[in-house]
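Below is one structure; the comments refer to it alone.
In what follows, every chain begins at residue 1, and chains take the letters A, B, ... in the order their sequences are listed. For clarity, every value in this text was computed on a predicted model and none was experimentally measured.
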There are 2 protein chains.
Amino acid sequence: MTADSRRLQPRKRPRQVRAELTRQRILIAAAHVFAEHGYAAGTTNRIAEQARISIGSLYQYYPNKDAILSELLFRHLDAAATEGPGLEEASLEGIIRNLVRAAIENHRDDPQLLRVLIEQAPRSPELLEKIDQYERSRAAYIRELLGNHPDVRVEDTETATRLVVSTIELVVHKVVAAPDPIDIGRFEEELVAMLTRYLTW
Amino acid sequence: MTADSRRLQPRKRPRQVRAELTRQRILIAAAHVFAEHGYAAGTTNRIAEQARISIGSLYQYYPNKDAILSELLFRHLDAAATEGPGLEEASLEGIIRNLVRAAIENHRDDPQLLRVLIEQAPRSPELLEKIDQYERSRAAYIRELLGNHPDVRVEDTETATRLVVSTIELVVHKVVAAPDPIDIGRFEEELVAMLTRYLTW
DNA sequence: GGCTATTATGAGCAATAACTTGTGTTCAAC
DNA sequence: GTTGAACACAAGTTATTGCTCATAATAGCC
């Protein structure tokens with residue numbers, strides 16, 4: 001383990017149950033605070049206060065502020081990656097709908113927090129690598145789909161892949177995080193329609 | 001003028017030429033520094049240093065750090081809004097292509113800076129209002145297009161409008177700001193194709 | 001050249017926030 | 001019950017940064 005990779009590691013492995021509990025409290029509090037105040041204004045003291053622990057305890061579990069953000073993002077990405085592949089589906093429209101729904105589900109939880117996490121990710125090369133890896137796996141799935149599904153007709157598979165991946169991720173996030181409550185169902189319908197018509201003209 | 005609206009106003013109107021010059025230097029330097037270090041790490045001292053002026057001078061022109069960001073964003077939006085409506089074009093594909101090209105042009109200049117500007121915009125209600133106003137005017141144009149152009153066929157004009165506006169803005173930004181050099185021409189082709197097929201199935 | 005408003009300077013102040021450290025408390029093994 | 005390790009505490013240290021203010025330089029006008 002390099003000194004650099006240790007920088008974001010937890011300070012120690014918890015041995016007692018209450019330690020694990022404290023760790024949980026910190027993460028939950030941090031999610032709360034980051035989502036509400038953003039990263040810069042989400043101070044470690046504020047997080048400790050929200051978690052009802054002392055600032056000293058916080059630093060027994062995380063060596064620095066970045067490490068907390070790091071763990072939040074890692075957990076989110078891991079959870080997102082582990083989500084089931086959805087129902088079996090053969091029609092292109094069905095597959096795309098599943099993808100879109102998965103994205104919506106992924107963002108619905110706490111879009112404010114997710115926004116902060118992604119914005120601050122460049123602070124750590126490890127986080128960037130993790131995100132890149134996640135995106136690559138999604139891209140691989142889409143590329144496979146575009147290359148093999150009989151209904152798909154595109155001129156440039158690679159560019160189309162990037163376009164589809166980006167569109168789903170970005171547009172879903174924007175709409176879910178939007179302040180005014182849009183009808184998600186109707187929006188999903190249109191997004192699926194756009195992508196399907198694009199791929200099967 | 002309310003006390004609140006004065007908060008982001010320049011300290012005074014320049015009387016001498018060198019004053020206007022200094023103001024320019026500050027803005028250019030700030031754009032540089034914000035784009036390279038982000039907002040938090042883009043300190044006012046760094047900006048002054050980059051502009052080759054003293055920190056005191058900086059604060060004679062801008063009452064605080066936010067005001068500098070504010071002016072940068074205002075100028076960018078105003079410039080973007082004033083851009084010509086493009087060549088006259090009747091075909092839907094042509095119109096969409098013009099829209100996409102305008103968006104690309106708008107982001108090409110300094111995507112890093114633009115990202116910082118937009119991320120930090122929520123710091124000021126005035127900036128949010130300005131952005132909202134800009135987005136509404138774009139949405140109005142698209143809505144008009146979707147409602148009147150003979151080739152367009154959509155079920156839900158309002159949702160479709162939001163989808164189109166968001167897609168162009170977000171996807172263009174992402175791709176232009178992406179680290180690996182993608183072929184912009186090819187990307188433009190695919191994005192235009194997606195939108196056109198969506199609207200004219 | 002003298003005079004005044006305008007512009008420029010930069011050391012330093014005050015506030016903030018990440019993080020440390022010395023001390024106190026709880027748990028579990030024996 | 002004693003003991004030592006794990007855990008919790010929070011006042012205090014250190015470094016940074018936004019911003020001020022007393023002073024100096026400069027420009028334009030008579």
Sequence neighbours excluded and cut-off under 3.5 Å, please list the side-chain donor-acceptor pairs for residues 169-181 of chain A, or say none.
from      : atom 1 : to        : atom 2 : distance (Å)
Glu169(A) : OE2    : His107(A) : NE2    : 3.4
Lys174(A) : NZ     : Glu135(B) : OE2    : 3.3
Asp180(A) : OD2    : Arg162(B) : NH1    : 3.1

Problem set entry | Pi-cation contact, Tyr39(A) with Lys65(A) (under 6.0 Å, within 45°) | yes

Exercise. Taking CD from Gln24(B) and P from dT7(C), how many angstroms apart are they, rounded to a whole number?
Worked result: 15 Å

Problem set entry | Side-chain heavy-atom pair Arg97(B), Arg101(B) within 4.5 angstrom cut-off | yes

Seminar exercise, completed: Between Thr159(A) and Phe187(B), the two heavy atoms sitting closest are CG2-CA, 3.8 Å

For this session: Provide, to the nearest angstrom, the distance between the CG atom belonging to Asp66(B) and the C1' atom belonging to dT17(D).
Result: 14 Å

Problem set entry | Nearest-angstrom distance from the residue atom NZ of Lys65(A) to P of dT16(C) | 15 Å

For this session: Could you tell me whether the side chain of Thr167(B) reaches within less than 4.5 Å of the side chain of Leu191(B), counting heavy atoms only?
Result: yes

Give me the distances for all protein-to-nucleotides 8-12 of chain C N/O pairs that come in under 3.5 Å?
from    : atom 1 : to       : atom 2 : distance (Å)
dA8(C)  : OP1    : Thr22(B) : OG1    : 2.5
dA8(C)  : OP2    : Tyr61(B) : OH     : 2.5
dA8(C)  : N7     : Gln60(B) : OE1    : 3.3
dA8(C)  : N7     : Gln60(B) : NE2    : 3.2
dT9(C)  : OP2    : Ser54(B) : N      : 2.9
dT9(C)  : OP2    : Ser57(B) : OG     : 3.2
dG10(C) : N7     : Gly56(B) : N      : 3.3

For this session: Give the rounded distance in Å between these two atoms: CG of Asn64(A) and C1' of dA15(D).
Result: 16 Å

Exercise. What is the distance, rounded to the nearest whole Å, between atom CD of Glu49(B) and atom C1' of dG18(D)?
Worked result: 16 Å

Problem set entry | Smallest separation among heavy atoms of Ala160(B) and Val154(B), with atom names | CB-CG1, 4.0 Å

Exercise. Side-chain N or O of Tyr59(B) less than 4.0 angstrom from OP1 or OP2 on dC19(D)?
Worked result: yes

Problem set entry | Residue Val17(B), side-chain heavy atoms: nucleotide from dC19(D), dA18(C), dG28(D) that is nearest | dG28(D)

Exercise. Which whole-number value in Å describes the distance from Tyr62(A) OH to dA18(C) P?
Worked result: 16 Å

